[in-house]
Every structure is written in structure tokens, then in C-alpha cells.
Amino acid sequence: MDLFTPSMPDRGIATLWLLLGISAGVILFLFDPAVNRLYPACPFRSLTGLLCPGCGSTRALHQLLHGEIIAAIRLSPMLLVVSPILGYATISTFAFVFRGRPLPQMKIGRGAIWGLLVVTIGFWLLRNMAWWSSSPGG
Amino acid sequence: MFCTNCGADNLEGASACSSCGQVLPQFPATVPNYLVQAILVTFCCCGPLGIPAIVFAAQVNPKLKTGDVNGAIESSRKARMWSWIAFGGGLLIALFYVGLGMIGAVADM
């Protein structure tokens, strides 16, 4: 996969993003989205009342920061599929900026992306069915 | 990557073209597929509008492989465009509901 390749790695901006990310992590660690109204609601859910494929991710990340991996996966199963891609993209972006050399690019072929699309839409439909018991709701 | 001089397809990371000897740039000018952005908007804010972004992201690398650089750039542009449309749409809806909440809070006072 080709990540955006910054023409001039800017350490100042990257440091700012890093600090923003760490701050967000601290807030997410301290305040549970399941009981706190501090966090923005999902626009798709607000509009339609249905769950989107990412609904539950904020609560899942809170659980993950507390080491509750099973709880996190129950809240947002798609994290299993998506977090390796987003995680590597984040790491390689910062590695490029601070190390000067890019990490090896992820090779995600067309088949894998179409697979991701099918799994996403399938999960999206399934989790909105009444009988989908592990749907996190809220 | 493709040689900037003769267009021959070289192994990723090669320092010189295997066909004409042209020195290849260390950071190849790649066509970004915006897959990461497409996934982010699909899962973090805007569901349906993110789907076209993923579809276009899927087209970029196969088109590059067949040498269709212009097609790849076009798909890349569309993937970026749909990522922004999805982001903007999600932001508007979120702001709308924040606004509704504030009106509700004021009305309750």
C-alpha cells in the first residue's frame, strides 16, 4: 500500500500530532465513553438510528487501553481487521518523519481491499439485525 | 517501480534501472491510494460515503501494475475526493446534532 509520502518530513507538525494523539489517549484512558457524554456521537447512528461498522470503537479503545482485549473485540470486532492497517500506517508515517527513511510499504492488493469491503458491509448488515446479540448498542 | 527514463518495471527499492542504468530515486514517487483515509472515514464518521473511497483506493495499485499511470492518478484523486466528501458529510451531521443538543439545553433552562 502506498501511504502518502510527505515531500518534506516536518518534525514540528509530526510532534504536534504525536502530542495530540497522546493527549487523546490519556482522555480516552481516564473517561469511559460508555458512561461519559464527552465524546461526539457517530453521525450515521445519530441520523439513522442504525449502527455503523465502526460503532463501539471508542469504547473498545478505552477497554484496550485498560488491557481488556476481549471486551474491546466484543465492542468493535472490526478492530481486528482494521487496526493492523491503521497501526502500521501510523507507525510508518512517524518512522519516516523521525528516522528519515520509510518503512517497507504494506502490500495490500486489490483482492485484500475488496475482501475488506465485503467483510465490512457484511458485518454492517449483520450487526443491525435484531438477533445479533453481541451488538454493543448505546 | 517504473524507470523515469525508459519506463522499464524494476524491483521495489532498486537503486538503478535494470534496463538502461538510470539512477532511480530513493523515495519513488508513488501514487497514494488513500486507503488509510478511506478506512478512517468509513469506520470513524461517515459509513456509506466512505465506501466509494475504499472502492477507488482498491483500483490504484492494480492500475499502476498494468502501467496505467493516468488511470491510477485518476482513481487516487477520486479516493481522496470521496474521503473528503465523507469527512465533510460526517462533520456536518455531527455539528448539526451538537447544535440540536445545545438548542435543547438552552430551551431547558
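Under the 4.5 Å side-chain heavy-atom criterion for grouping Ile, Leu, Val, Met, Phe, Trp and Tyr, A:Y39 is not connected to B:L100 through any hydrophobic cluster. Cluster annotation: A:F123 and B:V55 are assigned to the same hydrophobic cluster (Ile/Leu/Val/Met/Phe/Trp/Tyr, side-chain heavy-atom contacts under 4.5 Å, transitive). A single hydrophobic cluster is not seen to contain both A:I121 and B:W82; linkage of ILVMFWY side chains at heavy-atom distances under 4.5 Å, directly or through other members, places them apart. Connection of A:I85 to A:W114 is established within a shared hydrophobic cluster, with ILVMFWY side chains joined at heavy-atom distances below 4.5 Å, either directly or through further cluster members. A single hydrophobic cluster is not seen to contain both B:I85 and B:F43; linkage of ILVMFWY side chains at heavy-atom distances under 4.5 Å, directly or through other members, places them apart.
Between chain B and the options A:P53, A:C52, A:C42, the largest number of non-hydrogen pairs under 4.5 Å is found for A:P53. Here B:P48 is the residue among B:S76, B:P48, B:C44 with the most heavy-atom pairs under 4.5 Å with chain A. Chain A forms more heavy-atom pairs under 4.5 Å with one residue of B:A94, B:A58, B:G89 than with any other, namely B:A58.
The number of heavy-atom neighbours closer than 6.0 Å to CD1 of A:I69, taken from other residues, nucleotides and ligands shown, is 12 or below. More than 12 heavy-atom neighbours from other residues, nucleotides or ligands sit within 6.0 angstrom of CG on A:L19.
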| query | Stepwise, does the side chain to side chain contact (heavy atoms under 4.5 Å, CB included) test hold for A:W124 with B:I51? | reply | CA-CA 12 Å; A:W124 194 347; B:I51 297 296; 4.3 Å; yes
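Rounding to the nearest 0.5 Å places CG of B:L35 at 4.5 Å from CD1 of A:I113. The structure places OG1 of A:T120 at 8.0 Å from CD1 of B:I39, a figure rounded to the nearest 0.5 Å. Summarising the geometry, atom CG belonging to A:L47 is positioned 11.5 Å from atom CG belonging to B:L92; distances are rounded to the nearest 0.5 Å. With rounding to the nearest 0.5 angstrom, the OG1 atom of B:T42 is 11.5 Å from the CZ atom of A:F44.
Neither the backbone nor the side chain of A:P40 has a heavy atom closer than 4.5 Å to any heavy atom of chain B.
A pairwise comparison of heavy atoms in A:I108 and B:N61 identifies O-ND2, 4.4 Å as the closest pair.
No donor-acceptor distance shorter than 3.5 angstrom exists from the side chain of B:Y97 to the backbone of A:A41, with no hydrogens or angles considered.
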